[in-house]
Amino acid sequence: MKDKIEQVKKDFAEDTKAVNNLELLENLRIKFFSRNGIFAQLFEDFKVLPKEEKPLYGKVLNEEKNSAQNIFDELKIKIESNSKEEKDNTDLTLPGRSNKIGALHVLTQTLDEIKSIFKGLGFSIYTGPELESDENNFEMLNFPDDHPARDMQDTYFINDSFLLRTHTSPVQVRLMKSSKPPFRAIMPGRVYRNEAISAKSYCLFHQVEGLVIDTNVTFAELKGTLVYFAKQLFGEDVKYRFRASFFPFTEPSAEVDIWWQPQGKEGKWLEILGCGMVDPNVLTNLNIDPEKYIGYAFGMGIERMAMLKYGIDDIRLFFDNDKRFLNQFK
Ligand code: PHE
């Protein structure tokens, strides 16, 4: 009996190797597991064993059969799933699956447009970090300690000397520290202000800074550049005005407003950017000779530009990642 069981075990292992389709699998089943199959015969042989041998072989026989059955079941699953895959793959006329491609965020699109307008005017692009020193963000820009001008911007301080930059103007400082004029660059980036969140203001937003320094720069050039920019972004007919203003790092300073009148609503002037001639104190702070060089600078909020351009009335929409909003700018 023992030899017989061993032989069946070997035969089963040998036969299994060749089974690779449903037909051979069925043959294997009939040969070993059917009513007249090899295992059934073994159990017949077992029945007529002398009484004292039965406990010994009963256990072995059951174990062998179960293990063979398990191997058979696994083989069955494998062969069935293979043959299913083959069937699925055969329809070559099915159209392909399309990839879902994302779109650029409306702020990125607006920034790209701003960049391309200034690139056309010969500006290069320069960037700086969002974590800034107090020195670059305020001091070098002519905001002395305790000067009330610091209250213009509510700052997130990291410690006494570092903060999340409140504007992109410190990138001007970095540019002036790291290389020599002439400069003609724009500096886009994210800025932070500790303000109450509302439809109009958020704790972070994006700005584009501009800086031109050369030996023969004029306020007229600053005006011409910004008017050209406004017309490119908002259309040739845009109505604009320059209004005197104050920034510690420019003198004289101005703000530019455009006339804004959504359909069916009353029109009003809306500020789009701040600008001015670089204050000689700033040049001196950065070892640039104010007798030789003169410059202008400007800074604008990208969210503000996008809100005006697309008629968006809540700044929080840019940061919510609501697909119903984002999909409108695909
Ligand atoms: N940094 C100023 C602001 O954030 C904008 C500005 C930039 C004004 C450059 C003048 C010159 O409000």
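Just so you know, residue 1 is the first one in the sequence shown, and it goes up from there. What's counted below: heavy atoms across the whole structure, side chains too, no hydrogens, waters or symmetry copies. Remember, it's 1-based here, ligands and their atoms both numbered in the order they're listed.
- Within the set M187, M300, H167, Q207, the minimum heavy-atom distance to atom 1 (N) of ligand 1 is found for H167.
- Heavy-atom contacts of S169 reach the following atoms of ligand 1: 1 (N), 7 (C) (cutoff under 4.0 Å).
- The contact set between ligand 1 and F298, taken as ligand atoms under 4.0 Å from a residue heavy atom, comprises 7 (C), 9 (C), 11 (C).
- Between E64 and K10 no salt bridge is recorded (no basic side-chain N to carboxylate O distance below 4.0 Å).
- Against a heavy-atom cut-off of under 4.0 Å, A297 is close to the following atoms of ligand 1: 9 (C), 11 (C).
- Ring geometry, F319 versus H206: the interplanar angle falls under 30°, so the pair is classed parallel (tilted spans 30 to 60°).
- A parallel orientation is assigned to the rings of F33 and F39, their planes being inclined by less than 30° (bins at 30° and 60°).
- The side chain to side chain donor-acceptor pair (under 3.5 Å) test applied to D73 returns Q69, not counting sequence neighbours.
- Under the 4.5 Å side-chain criterion, counting only non-hydrogen atoms from C-beta, Y228 is not in contact with T225.
- Scanning E255, E209, M277 for the heavy atom closest to atom 9 (C) of ligand 1 points to E209.
- Below 3.5 Å of separation, one finds no N or O of Q172 facing any N or O of ligand 1.
- Looking at C275 against ligand 1, only its backbone comes within 4.0 Å, counting heavy atoms.
- Remark: aromatic rings of W269 and W260 are distant, center separation not under 6.0 Å.
- Ligand 1 lies nowhere less than 4.0 angstrom from a heavy atom belonging to E271.
- Between the side chains of S178 and Y126, at least one donor N or O lies within less than 3.5 Å of an accepting N or O.
- Evaluated by nearest non-hydrogen atom to atom 10 (C) of ligand 1, the leading choice among F205, F249, Y296 is F249.
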